[in-house]
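Atoms within a ligand are numbered from 1 in the order they appear, just like the ligands themselves. In what follows, every heavy atom counts, from backbone to side chain, and hydrogens, waters and symmetry copies are set aside. Positions are given from 1 along the sequence.
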Amino acid sequence: MNETALITGASSGIGLEIARLFAASGKDLLLVARNSERLEDIRKDFEAKYKIRVSVLPLDLSLKESCDRIVSYIEKEKLQIVYLVNNAGFGDFGPFVERNYDKLDNMIALNISALSRLTHVIVGQMLKQGKGRILNVASIAALQPVPQMAVYAATKAYVLSFSQALSYELRKQKLSVTALLPGPTDTAFFERGEGLNSRMRSFSMSPQSVAKTAYRAMLKGRRRVTAGYRNKFLALLSKLFPVNSLLLSISNSIAEEDKNGL
Ligand SMILES: NC(=O)c1ccc[n+]([C@@H]2O[C@H](COP(=O)([O-])OP(=O)(O)OC[C@H]3O[C@@H](n4cnc5c(N)ncnc54)[C@H](OP(=O)(O)O)[C@@H]3O)[C@@H](O)[C@H]2O)c1
């Protein structure tokens, strides 16, 4: 049985580039996202280029039943999931009270609930196999509260905290859990997250570069990795300074300036 990498949010951006790295290394893939046409194109492209088996599941992961559909598929096809990449996620920008709550609720369902549920079932299988590596995509927004992105930053703080705790719980079973902290990355994230534009995007990294950092860290079994020197510097600052009104006001004004396209 060939080793398979299960990657969520693999139809574009960081997830697609991580999938490409696994494909180039000869691993089979199980790719999940909603856009079935894009997944089908990726399947054909990767199977032709890399001579691997690529399965695609077009699913909305914010729905609880999607996780059961993934598990049934894995059992039916007898796939051995050795790598799990929980990458699917989206952001939203603006004052909390002005945002559409259903959208925020959907974000919590995807960024937190789907990631946790999928990890729960797949870790069970990895423990039986005696091997497995997990990569959870958080964000540098996980490192401090971010006014104007209050819910998004909180979902990513969950991902970071959860991943590090789980990595410690699983250390004796030889399963690794890596939290990836990207900063602004040039992907569709900016179009999907209304208002997230201009300034943040102007100093973004390429998804290829973020994917390489993530892939290497996952294979090394690192507990946490921040993509890029600028983001590493920001991560260091967040360690040095406590959360106080000044810090909140700085992150709020960066977000406000971004909104105004300055
Ligand atoms: N770009 C950044 O600046 C940045 C910074 C820090 C962290 N991140 C994180 O990086 C991860 C990947 O984002 P990205 O930047 O690569 O953006 P992206 O290109 O928009 O990718 C998001 C992926 O998630 C999938 N997705 C979204 N909603 C879904 C749902 N309900 N069910 C299943 N799949 C869903 C999308 O595919 P479909 O539309 O086909 O479903 C797409 O494949 C996210 O977790 C994001 O929070 C991004």
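When the heavy atoms of Ala142, Ser139, Gly183 are ranked by distance to atom 4 (C) of ligand 1, first place goes to Gly183. In this comparison of Arg34, Glu191, Glu17, the heavy atom closest to atom 28 (N) of ligand 1 sits on Arg34. The option from Phe190, Phe90, Tyr152 that lies nearest to atom 47 (O) of ligand 1, judged by heavy atoms, is Tyr152.
Of all atoms in ligand 1, numbered sequentially from 1 with element shown, those under 4.0 Å from a heavy atom of Leu59 are 32 (N), 33 (C). The atoms of ligand 1 that sit less than 4.0 Å from any heavy atom of Val137 are 9 (C), 10 (O), 11 (C). Each of the atoms 43 (O) of ligand 1 lies under 4.0 Å from some heavy atom of Ala10. Per-residue contacts place Pro184 under 4.0 angstrom from the following atoms of ligand 1 (heavy atoms of the residue considered): 3 (O). Near Asp60, with a cut-off below 4.0 Å to any heavy atom, the atoms of ligand 1 are 30 (C), 31 (N), 32 (N). Below 4.0 Å from some heavy atom of Phe189 lie the following atoms of ligand 1, by number and element: 1 (N), 2 (C), 3 (O), 15 (O), 17 (O), 18 (P), 20 (O), 46 (C), 47 (O), 48 (C).
Using a 4.5 Å cut-off on side-chain heavy atoms (C-beta onward), Val177 and Phe162 make no contact. Between Val85 and Leu6, the closest side-chain pair of non-hydrogen atoms is not below 4.5 Å.
Among the atoms of Ile14, some N or O lies under 3.5 angstrom from an N or O of ligand 1. Residue-to-ligand polar distances place Asn87 within reach of ligand 1: an N/O pair is separated by less than 3.5 Å.
The shortest non-hydrogen separation linking Leu29 to Thr4 is C-CG2, 3.9 Å.
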Worksheet item: Stepwise, does the ring-ring contact (aromatic ring centres under 6.0 Å, His included) test hold for Phe93 with Phe190?
Response: CA-CA 10 Å; Phe93 175 91; Phe190 288 91; over 10 Å; no
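In Leu110, the part holding a heavy atom less than 4.0 Å from any atom of ligand 1 is the side chain. For Ala138, every heavy-atom contact with ligand 1 shorter than 4.0 Å involves the backbone, none the side chain. Heavy atoms of Arg38 found under 4.0 angstrom from ligand 1: none, in either backbone or side chain.
Under the salt bridge (charged side-chain N to carboxylate O under 4.0 Å, His left out) criterion, the residue pairs touching residues 114-136 are Glu3-Lys131, with sequence neighbours excluded.
For the 3.5 Å distance criterion, the side chains of Tyr50 and Ser25 fail to qualify, holding no donor opposite an acceptor.
Following chains of ILVMFWY side-chain contacts shorter than 4.5 Å, one cannot reach Ile112 starting from Leu180, and the two form parts of different hydrophobic clusters.
For Lys232 and Tyr229, the positive end sits near the middle of the six-membered ring, less than 6.0 Å away and at most 45° from its axis.
Distances shorter than 4.0 angstrom do not occur between any heavy atom of Ser204 and any atom of ligand 1.
Here the straight-line distance linking atom CG of Leu21 with atom CE of Met218 works out to 11.5 Å at 0.5 Å rounding.
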